[in-house]
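Worksheet: one structure, shown below.
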Amino acid sequence: MATSPILRSIAVFSGSNYGFNPEYIEGARALGREIAKRGLRLVYGGTDKGLMGVMADTVLAEGGEVVGIITRLLFDLGHLHTGLTQYEVTPDMRSRKTRMSESADAFIALPGGLGTFEELFEVATLTQLGEHHKGLACLNIGGFFDPVRSLLNHAVKEGFMKTEHSEMLIFNTDPAALINALERWQAPTVSKWIGSAPDASN
Ligand code: AMP
C-alpha cells in the first residue's frame, strides 16, 4: 500500500506569460501565499516572467523560500529572478526538468502554455510508470484545466489510459484544498497496461 508523501518542497510549473484573464494573476498570488503560509519550499523555473514571476514574488514577499532552476540559455538572456533564496543553472531544459523533479515532493501546474503542459505531463508519466511516486495537481483557475481533464477522460474512454491514472491528477480551484489533497495523495498501484489487442480483422 503506497503511503502519502510528507511535503516539504513543491515544484510549480506555470506560464511565463500572464494570460489575458486577471484571475490567473490573482490565482498565482493565492497559491504563493498558501505555499509561504505552510512553510513549503517553492521550486520553479527561476524567472521573473509571467505567472512564474508573480508567484515567486508573492512567496518571497511573505517570507518564504524560493529555489529557481533555470537553463543556461534563459540565464544568459537575463531571465533570472534576482531576489531568489537560491538558484541553479542547468545546461539545458532536460537536465532542468530532472533537477526540478528531484527537488520536489509534489507538483502543481498553474495555467500556462507548451512548457507548462510538457512539464506537467512528464512528471505524470514518471508517476504512472512508477519511476517516482509524487502527487500532481492543477490549480484550475477559471476552469483553465478543464480541457486537460476532458483529454484525459477521452484517453481513458479510448483505451489508452486507466481511470486510476487519469484520476491521479488533482484538479481544484482553491490552493489550500489543492495542497491538502496533495498531502493525502497516494500513488496508483495498478499497472499502466490494458489488456490485449482488440480484433482488427473486421
Ligand atoms: P510556458 O507555459 O510555455 O510559458 O512555459 C513555462 C514553463 O517552461 C515553465 O514552467 C518553465 O519551466 C519553462 N519556461 C518558459 N519560459 C521560461 C523563462 N523565461 N524562464 C524560465 N523558465 C521558462
Side-chain angles (χ1 to χ4, degrees), residues 2 4-5 7-17 19 24 28 31 35 40-47 49-52 55-56 66-75 79 87-141 144-156 158 160-172 178-179 181-182 185-194:
S4 303
L7 300 188
R8 293 193 185 89
S9 283
I10 294 206
V12 177
F13 308 129
S14 113
S16 54
N17 286 301
Y24 298 140
L31 178 63
I35 286 175
L40 294 165
R41 189 170 75 132
L42 168 67
V43 176
Y44 87 116
T47 183
K49 304 253 171 295
L51 292 189
M52 300 171 77
M55 180 193 48
V66 182
V67 177
I69 305 184
I70 193 162
T71 61
R72 168 63 51 192
L73 180 76
L74 293 166
F75 180 84
H79 287 211
Y87 70 89
E88 278 180 47
V89 182
T90 63
D92 53 33
M93 202 65 178
R94 285 196 176 88
S95 47
R96 186 241 214 136
K97 284 187 296 173
T98 304
R99 285 297 300 132
M100 285 180 78
S101 158
E102 287 171 352
S103 307
D105 303 312
F107 308 98
I108 296 176
L110 283 173
L114 280 181
T116 301
F117 296 142
E118 201 263 335
E119 290 165 345
L120 173 67
F121 282 131
E122 176 169 308
V123 293
T125 306
L126 296 181
T127 290
Q128 182 181 247
L129 287 170
E131 284 200 27
H132 64 195
H133 300 93
K134 297 183 178 181
L136 324 124
C138 298
L139 188 66
N140 199 15
I141 307 167
F144 179 84
F145 284 103
D146 288 348
V148 171
R149 189 159 28 187
S150 304
L151 182 64
L152 297 176
N153 291 342
H154 177 65
V156 170
E158 292 299 314
F160 290 101
M161 243 182 120
K162 288 187 177 169
T163 306
E164 289 86 342
H165 290 131
S166 76
E167 288 179 350
M168 72 187 181
L169 269 106
I170 297 159
F171 295 86
N172 204 302
L178 192 85
I179 297 175
L182 277 174
W185 183 90
Q186 297 204 335
T189 49
V190 294
S191 105
K192 187 213 173 308
W193 295 278
I194 305 166

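Each residue takes its place number in the sequence, starting with 1.
- For the pair Leu31/Ile141, no side-chain contact is recorded, criterion being any heavy-atom separation below 4.5 Å from C-beta on.
- Partners of Arg149 by side-chain contact (heavy atoms from CB on, under 4.5 Å), not counting sequence neighbours, listed by chain and number: Asn140, Asp146, Asn153, Phe171.
- The shortest non-hydrogen separation linking Lys134 to Ala104 is NZ-O, 2.7 Å.
- With sequence neighbours excluded, no residue satisfies side-chain hydrogen bond (donor to acceptor under 3.5 Å, both in side chains) with His154.
- Residue Leu136 holds its CG atom at 13.0 Å from CD of Glu119, rounded to the nearest 0.5 Å.
- With sequence neighbours excluded, the residues forming a ring-ring contact (aromatic ring centres under 6.0 Å, His included) with Tyr24 are Phe144, listed by chain and number.
- Contact annotation: the side chain of Arg72 never approaches that of Pro91 to less than 4.5 Å [non-hydrogen atoms, C-beta and beyond].
- Rounded to the nearest 0.5 angstrom, Leu40 CG and Ile10 CD1 are separated by 5.0 Å.
- Every residue two or more places apart in sequence or in another chain was checked for a salt bridge (charged side-chain N to carboxylate O under 4.0 Å, His left out) with Arg8, and none qualifies.
- In this structure, the separation between CD1 on Ile170 and SG on Cys138 is 9.5 Å, given to the nearest 0.5 Å.
- Aromatic ring orientation, Tyr87 versus Phe75: parallel (interplanar angle below 30°, classes split at 30° and 60°).
- The minimum heavy-atom distance linking Pro111 with Leu51 is given by the pair O-CD1, 3.6 Å.
- Phe107 meets the ring-ring contact (aromatic ring centres under 6.0 Å, His included) test with Phe13, His132; sequence neighbours excluded.
- Under the side-chain hydrogen bond (donor to acceptor under 3.5 Å, both in side chains) criterion, Lys97 pairs with Glu118, Glu122, sequence neighbours left out.
- When all heavy atoms are compared, the tightest approach of Thr116 to Gly15 is OG1-N, 3.4 Å.
- Interatomic distance, Leu126 CG to Phe121 CZ, rounded to the nearest 0.5 Å: 13.5 Å.
- Looking at residues two or more places apart in sequence or on another chain, you find a side-chain contact (heavy atoms from CB on, under 4.5 Å) between Lys162 and Glu164, His165, Val190, Ser191, Ile194.
- Taken to the nearest 0.5 Å, the NZ atom of Lys192 stands 8.0 Å off from the CE atom of Met161.
- Counting heavy atoms of neighbouring residues, nucleotides and ligands inside a 6.0 Å radius, atom CZ of Phe117 exceeds 12 of them.
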**Request:** Check the pair Val12 / Leu139 against side chain to side chain contact (heavy atoms under 4.5 Å, CB included), numbers first and verdict last.
**Result:** CA-CA 10 Å; Val12 177; Leu139 188 66; over 6 Å; no
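- Looking at residues two or more places apart in sequence or on another chain, you find a side-chain contact (heavy atoms from CB on, under 4.5 Å) between Glu102 and Thr98, Arg99.
- Residues forming a side-chain hydrogen bond (donor to acceptor under 3.5 Å, both in side chains) with Ser166 (at least two apart in sequence, or on another chain): none.
- Here CH2 of Trp185 is found 5.0 Å from OG1 of Thr127. Values are rounded to the nearest 0.5 Å.
- Put simply, the side chain of Lys49 never gets that close to the backbone of His79: no donor and acceptor are under 3.5 Å apart.
- Listed by chain and residue number, Leu73, Leu74, Thr90, Met93, Arg96 satisfy the side-chain contact (heavy atoms from CB on, under 4.5 Å) test with Thr71 (two or more places apart in sequence, or in another chain).
- Every residue two or more places apart in sequence or in another chain was checked for a side-chain hydrogen bond (donor to acceptor under 3.5 Å, both in side chains) with Ser103, and none qualifies.
- The two atoms that bring Leu169 and Ala124 nearest to each other are CD1-CB, 4.4 Å, heavy atoms only.
- Judged purely by atom type and a 3.5 angstrom limit, Asp105 uses its side chain to pair as donor or acceptor with the backbone of Ser9.
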